[in-house]
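This structure is in structure tokens; I'll ask about it shortly.
Residue numbers begin at 1 in each chain, while the letters A, B, ... track the order of the sequences. Everything quoted here is computed from the prediction, not taken from an experiment.
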2 protein chains.
Amino acid sequence: MAKKKKPTIYDVAERSGISISTISRVLNNPEKVNPETRATVLDAIDKLGFVPKAEARARALSGSNRIGVITPFFTAPSFVQRLRGVASALATSNYELVIYTVDSYDRIQGYFSSIPFVSNLDGLIVMSLPIQKQDAQRFLDHGIETVLVEYSHPEMNCIEIDDFQGGVMATQYLIDKGHRCIAFVGDKEPHDFEIHPASARLKGFKETMRKAGLDLPDEYVRLFVNTQERAMQATRDMLSLPTPPTAIFAAADIQALSVLKVAREMGVKVPEQLAVIGFDDIDSAEYLDLTTIRQHLDESGKLAVEILLAHIADPSRPPQHVRLPLNLIERKTA
Amino acid sequence: MAKKKKPTIYDVAERSGISISTISRVLNNPEKVNPETRATVLDAIDKLGFVPKAEARARALSGSNRIGVITPFFTAPSFVQRLRGVASALATSNYELVIYTVDSYDRIQGYFSSIPFVSNLDGLIVMSLPIQKQDAQRFLDHGIETVLVEYSHPEMNCIEIDDFQGGVMATQYLIDKGHRCIAFVGDKEPHDFEIHPASARLKGFKETMRKAGLDLPDEYVRLFVNTQERAMQATRDMLSLPTPPTAIFAAADIQALSVLKVAREMGVKVPEQLAVIGFDDIDSAEYLDLTTIRQHLDESGKLAVEILLAHIADPSRPPQHVRLPLNLIERKTA
DNA sequence: TGCTAAACTGAAAGTGCTTTCATTTTTACT
DNA sequence: AGTAAAAATGAAAGCACTTTCAGTTTAGCA
């Protein structure tokens, strides 16, 4: 016979035939109640396995071992890999990992305004999401240790990536390989609540092309809503141009995958006829031999929790700003 | 101006000229209140330094609004996709998502014995992990609603996958395509704490081969520790056989990816010289045009939370056992 | 035995917050 | 413009206890 619900003080009252007030008293001011009554009450309490739940919860959860991660709803593999990094770093500590996924501006605002108050977290990791002054201030005011990944705030811990530099690296690599007709595909600014690394990568690309004195026709830069279909269409258009590019720099590996798929579909040989370079170095990149800019996704998550834990242990530490290095991983597509 | 007691929600209401209900809402369901109102409220909260009393909150709150997911440490994409399903289904409800990752037998035992007592969850999803009689009983006794994914227990909600049948489908498909020399690659039983769907898939494969009267030499079945390197080596060995198979059934897409990579490396044309079929239908499968058995990963997660929520709402419901359908997704590798 | 003070007890009124429900306001669509 | 549908909001009814207050008992004592 399994118990149904958690017993309340009322159940105890009923079972012992004594009013709830008295029960409450034996729990809080036992010396004020008749020992016999007290014994009866205690007996009933034991038999029912009653535990004042509200307090228990308040106590149990207060300042307890919880760390939260707020991240865009994980569609993109890169978010997942960052998350994997935090999970792995947290595995040995005995912190609980609470995930908040964001899928709209409203939701992120909601989290930012309620988390400091109600979800008592020991620390928070904000991933790939912009955070506004006053929201950040609230976290600071409420003493919640926070680390920002892929975004920066002067008074908070940050882990940044130099997307511009990454764009430069990728482009320069292609140029060094002798390419002159280089195109760019990437996602256009998607939602109001998301950061947009692709634009910095694009800047790095353009800048490098300019410095190298290379021509960059408008048709060689395609931005689109980030879906596989759109990415493929953009690539198809590009490869059907009178003078198609000999290399494509995709703002993210996931888009590079679409480029590769189209190349296969159109019988374009990679890398002979078309070089492809991506950005991120997601897991699949390795399976596809995709040349790409590695941004140490797992590592960023791991580092975030390390910084967080260190600051929880000693809140007086000054905020830490780290810039993760980028590496060009040469594989077979470029 | 004089500093008094701790401000309550009523003070905030008075100062902002907004009802306590709305104040409460901005704290708990921020997305349901008008951004302007929210800003006003937050402003007042900040100015007053209001902090909701945890115990009062616990008192008024019925459940804990937390649902937990316990899952193998997410190395494999399939775990991630299941998780994505639960996150997406949970996004609209406002339950907090707590993740427990398992990387050893000890850890899983730790979770199973402590979760019922200390982490007050409204519900738990156990993913791709076996659970023993007495552990299950503990959850049952403590009235924690639970749903098992990829495992089964008579008294608990379960979402099962017919791996055997999937093995049959994949194999039959290859046979129908005219293949006679079909090989199998898969991971061997890895840890004591993990379930092992590959073995059921292998059984389905063997059974189907037998029924079709096809010869299955020992070298055509390769099991290995699940790493990319081992998978690739196994494939290389197989393709170097005097009579290499004309088709390979990989127990999981992630392994099929390795097969594909080796085929590329060795210049073996897919599907002309070698057909490849996988299992799972992970995201990358689509990008690689991998023919595979889809097991509705995202859906399994979504369904798990739906069942869980329904049972939390009405605990008297009898446990539900659902078997998710499998579909053969025909793409270009077989 | 009668009377009063001390000891005990239960009904009911908080406690600070959440949530339901009905009402108003906005928006969307003929 | 006119209406249906959706969103936002406040009043009020909980939630699971604690505390107050007004009785009852009981004990002590003449």
Quiz item: Does some side-chain heavy atom of Y95(A) sit less than 4.5 Å from a side-chain heavy atom of I312(A)?
Solution: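 A side-chain contact under 4.5 Å exists here.
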Practice problem: Consider the side chain of R25(A), meaning its heavy atoms from C-beta on, and name the nucleotide among dC8(C), dT20(D), dA8(D) that approaches it most closely. | Solution: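 Selected nucleotide (nearest to the side chain): dT20(D).
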Self-check item: Whole-Å gap separating P (dT19(D)) and NZ (K32(A))
Solution: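 Taking atom P of dT19(D) as the reference, NZ of K32(A) is at 10 Å.
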Practice problem: Please list all pairs passing the salt bridge (Lys or Arg N to Asp or Glu O under 4.0 Å) test where one or both residues lie in residues 142-153 of chain A, with sequence neighbours left out. | Solution: R82(A)-E150(A)
Practice problem: Whole angstrom is fine here: how far is it from CZ in R38(B) over to C1' in dA8(D)? | Solution: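 That distance rounds to 12 Å.
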Practice problem: Report which part of the nucleic acid L27(B) touches: base, sugar-phosphate, or nothing (heavy-atom distance under 4.0 Å, all strands). | Solution: nothing
Exercise. With the side chain counted from C-beta on, respond yes when Q109(A) and P35(B) share a heavy-atom pair under 4.5 Å apart, and no when they do not.
Key: no
Exercise. Take atom CD1 of I23(B) and atom C1' of dA11(D), then tell me their distance rounded to the nearest Å.
Key: 14 Å
Practice problem: Indicate yes or no: at least one non-hydrogen side-chain atom of V86(B) is less than 4.5 angstrom from one of L308(B). | Solution: no
Quiz item: Nearest-Å distance, CD (E36(B)) to P (dA7(D))?
Solution: 17 Å
Quiz prompt | Y151(A) versus I131(A), closest heavy-atom pair with distance | solution =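 Looks like CE2-N, 3.4 Å.
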Quiz item: Considering only heavy atoms from C-beta outward, does the side chain of V41(A) approach that of R38(A) to under 4.5 Å?
Solution: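 Not in contact.
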Practice problem: Looking only at non-hydrogen atoms, find the nearest pair between V102(B) and R107(B) and report the distance. | Solution: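 Smallest heavy-atom distance, with atoms named: CA-CD, 4.2 Å.
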Practice problem: Would you indicate which nucleotide in dC21(D), dT19(C), dT9(D) comes nearest to any side-chain atom of N29(B)? | Solution: dT19(C)
Quiz prompt | Terminal helix-axis angle for the helix from dT1(C)-dA30(D) to dT30(C)-dA1(D), with five pairs defining each axis and rounding to 10 degrees | solution = 20°
Quiz item: Can you check whether T22(B) has a side-chain N or O nearer than 4.0 Å to OP1 or OP2 of dA8(D)?
Solution: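 So the side chain of T22(B) is outside the cut-off, no N or O lying under 4.0 Å from OP1 or OP2 of dA8(D).
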Polar atoms only, N or O, under 3.5 Å: list the protein pairs with nucleotides 15-17 of chain C and their distances.
{"residue": "dT15(C)", "atom": "O2", "partner": "R59(B)", "partner atom": "NH1", "Å": "2.8"}
{"residue": "dC17(C)", "atom": "OP1", "partner": "K53(B)", "partner atom": "N", "Å": "3.0"}
{"residue": "dC17(C)", "atom": "OP2", "partner": "I9(B)", "partner atom": "N", "Å": "2.7"}
{"residue": "dC17(C)", "atom": "N4", "partner": "Y10(B)", "partner atom": "OH", "Å": "3.2"}

Quiz item: Within a strict 4.5 Å, meaning less than it, do heavy atoms of the Y100(B) and L121(B) side chains meet?
Solution: yes
Quiz item: With the threshold set at 4.0 Å, does a side-chain nitrogen-carboxylate oxygen contact exist between R138(B) and D135(B)?
Solution: yes
Quiz prompt | Length of the CG-C1' vector between N34(A) and dG10(C), whole Å | solution =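 Whole-Å distance recorded here is 15 Å.
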Quiz item: Does the side chain of S21(A) get closer than 4.0 angstrom to OP1 or OP2 of dT18(D) through an N or O atom?
Solution: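 No, no such contact exists.
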